[in-house]
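These notes are about the structure you will find just below.
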Amino acid sequence: MINSGFEHLQNYLDRTAQTELIEDVRKIIAEAPLFVPAMPKSGKPFSVRMTNCGPLGWVSDKTGGYRYQETHPVTGDPWPDMPKKILDLWADLAPDFPKPECCLINYYQPDAKMGLHRDADEEDTRSPVISVSLGDPASFRIGGQNRRDPTRSLRLHSGDIVVLGGDMRLAYHGIDRILKRDSGLLPERGRFNLTLRRVNLAQ
Ligand code: MD6
Ligand code: FE
């Protein structure tokens, strides 16, 4: 169970749990390949590759902008089911909130980063957003509700969990860089991040 606000749960998943989650991630990517999202309007590609599992997936492109949809933007297929381990993780950490509808899978190559942003495309902003880091470490930046609020930086390692809930649910955050240090979890270099979100308000 988590408090509200920002939480960094270091080494929450042991190596076995990380390996099992990566196996699930590989199966999802085999069904729903990583795609290259693009910025609304400019069409500038993200450096991060993405896919999703669960009933809804987060996508972005030049014409449609940031949104959730039920199908993969390239294959047109429904997203793969959310693995039980991911649902269990949410149930352990956020038992009082409705089930997640989206698990966004981000893959960072060693030179990828993610600009300062808020997770604000969800109707439900009462439920927390929970993320899992797998692979090489990253430098994560967290600020406040306003873009100009002061920020601080911390390291996310493989197996760490970040929670944005309560008054930090809409805080600005991003990934400055992936560290060139091998976690030993992945045969390739880079980092996966799984972000679990409730999208629609539960009735
Ligand atoms: C990342 N994380 O760790 C990017 N969003 O690669 C996020 O954008 C994020 O870690 C919402 C809640 C937790 C997060
Ligand atoms: Fe985010």
Hey, is [X] close enough to [Y] for a salt bridge, meaning N to O under 4.0 Å?
| X | Y | result |
| --- | --- | --- |
| K113 | D176 | no |
| D136 | R189 | yes |
| R67 | D61 | yes |

Just checking, is any N or O donor in the side chain of [X] or [Y] under 3.5 Å from an acceptor N or O on the other one?
| X | Y | answer |
| --- | --- | --- |
| D160 | S158 | no |
| Y172 | Q145 | no |
| S133 | R191 | yes |
| R177 | S139 | no |

Let me see the working for S153 and R141 under side chain to side chain donor-acceptor pair (under 3.5 Å), right down to the final yes or no. CA-CA 4 Å; S153 144; R141 187 164 292 283; 4.5 Å; no
Which pair of heavy atoms, one from [X] and one from [Y], lies closest together, and at what distance?
| X | Y | value |
| --- | --- | --- |
| E7 | L9 | OE1-CD2, 3.8 Å |
| T51 | H72 | OG1-CD2, 4.1 Å |
| W90 | P98 | NE1-O, 3.2 Å |
| P110 | I178 | O-CB, 3.6 Å |
| W79 | P55 | CD1-O, 4.1 Å |
| V199 | C102 | CG2-CB, 4.1 Å |

Just so I know, are the side chains of [X] and [Y] near enough to count as touching, which here means a heavy-atom distance under 4.5 Å?
| X | Y | result |
| --- | --- | --- |
| I130 | R197 | no |
| I22 | L185 | yes |
| R181 | P137 | yes |
| S47 | Q109 | no |
| V48 | N193 | no |
| N106 | R49 | no |
| L21 | I86 | yes |

Go through the steps to decide whether T71 and D77 satisfy the test side chain to side chain contact (heavy atoms under 4.5 Å, CB included), and finish with yes or no. CA-CA 5 Å; T71 55; D77 291 335; over 6 Å; no
Acceptor/donor pairs from residues 23-37 side chains to any protein atom, 3.5 angstrom cut, sequence neighbours excluded:
from, atom 1, to, atom 2, distance (Å)
R26, NH1, E188, OE2, 2.9
R26, NH2, E188, OE1, 3.0
R26, NH2, E188, OE2, 3.3

Under a 3.5 Å distance rule, please check whether N146 uses its side chain to pair with a backbone N or O of R148 as donor and acceptor.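 Checked: no pair found.
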Is it true that a side-chain atom of R152 and a backbone atom of I142 form a donor plus acceptor pair closer than 3.5 Å?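 Flag not set: sc R152 to bb I142 has no pair under 3.5 Å.
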Considering residues, nucleotides and ligands other than R169, do more than 12 of their heavy atoms fall under 6.0 Å from its CZ? yes
Is it the case that atom CG in D81 sees more than 12 heavy atoms from other parts of the structure closer than 6.0 Å? no
Got a sec, which residues hit salt bridge (Lys or Arg N to Asp or Glu O under 4.0 Å) with E101, two or more places apart in sequence or on another chain?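 So E101 forms a salt bridge (Lys or Arg N to Asp or Glu O under 4.0 Å) with R198.
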Derivation of the side chain to side chain contact (heavy atoms under 4.5 Å, CB included) call for Q10 and I161: CA-CA 6 Å; Q10 289 179 275; I161 287 196; over 6 Å; no
Here the ring pair (Phe, Tyr, Trp, His ring centres under 6.0 Å) pairs for residues 100-124, sequence neighbours left out, are Y107-F192, H117-H173
Anything under 30° is parallel, anything over 60° is perpendicular, the rest tilted; go ahead and classify F46 against W58.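 Aromatic pair F46/W58 classed perpendicular.
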For M39 and Y66: C-alpha separation, side-chain torsions, deciding distance, then whether side chain to side chain contact (heavy atoms under 4.5 Å, CB included) applies. CA-CA 8 Å; M39 293 295 289; Y66 300 159; 3.8 Å; yes
Could you grab the distance from atom [atom1] of [X] to atom [atom2] of [Y], nearest 0.5 Å is fine?
| X | Y | atom1 | atom2 | answer |
| --- | --- | --- | --- | --- |
| R118 | L164 | CZ | CG | 12.0 Å |
| L87 | C103 | CG | SG | 9.0 Å |
| Q18 | H157 | CD | NE2 | 11.5 Å |

Would you kindly confirm whether Y12 and V132 end up in one hydrophobic cluster when ILVMFWY residues are joined by side chain heavy atoms under 4.5 Å apart?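 Yes, it is one cluster - the side chains of Y12 and V132 are joined through contacts under 4.5 Å.
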Stepwise side chain to side chain contact (heavy atoms under 4.5 Å, CB included) test for F140 and R155: CA-CA 6 Å; F140 180 83; R155 294 270 156 95; over 6 Å; no
Paired with L194, the side chain to side chain contact (heavy atoms under 4.5 Å, CB included) test is passed by just one of L104, I105, L89, namely I105
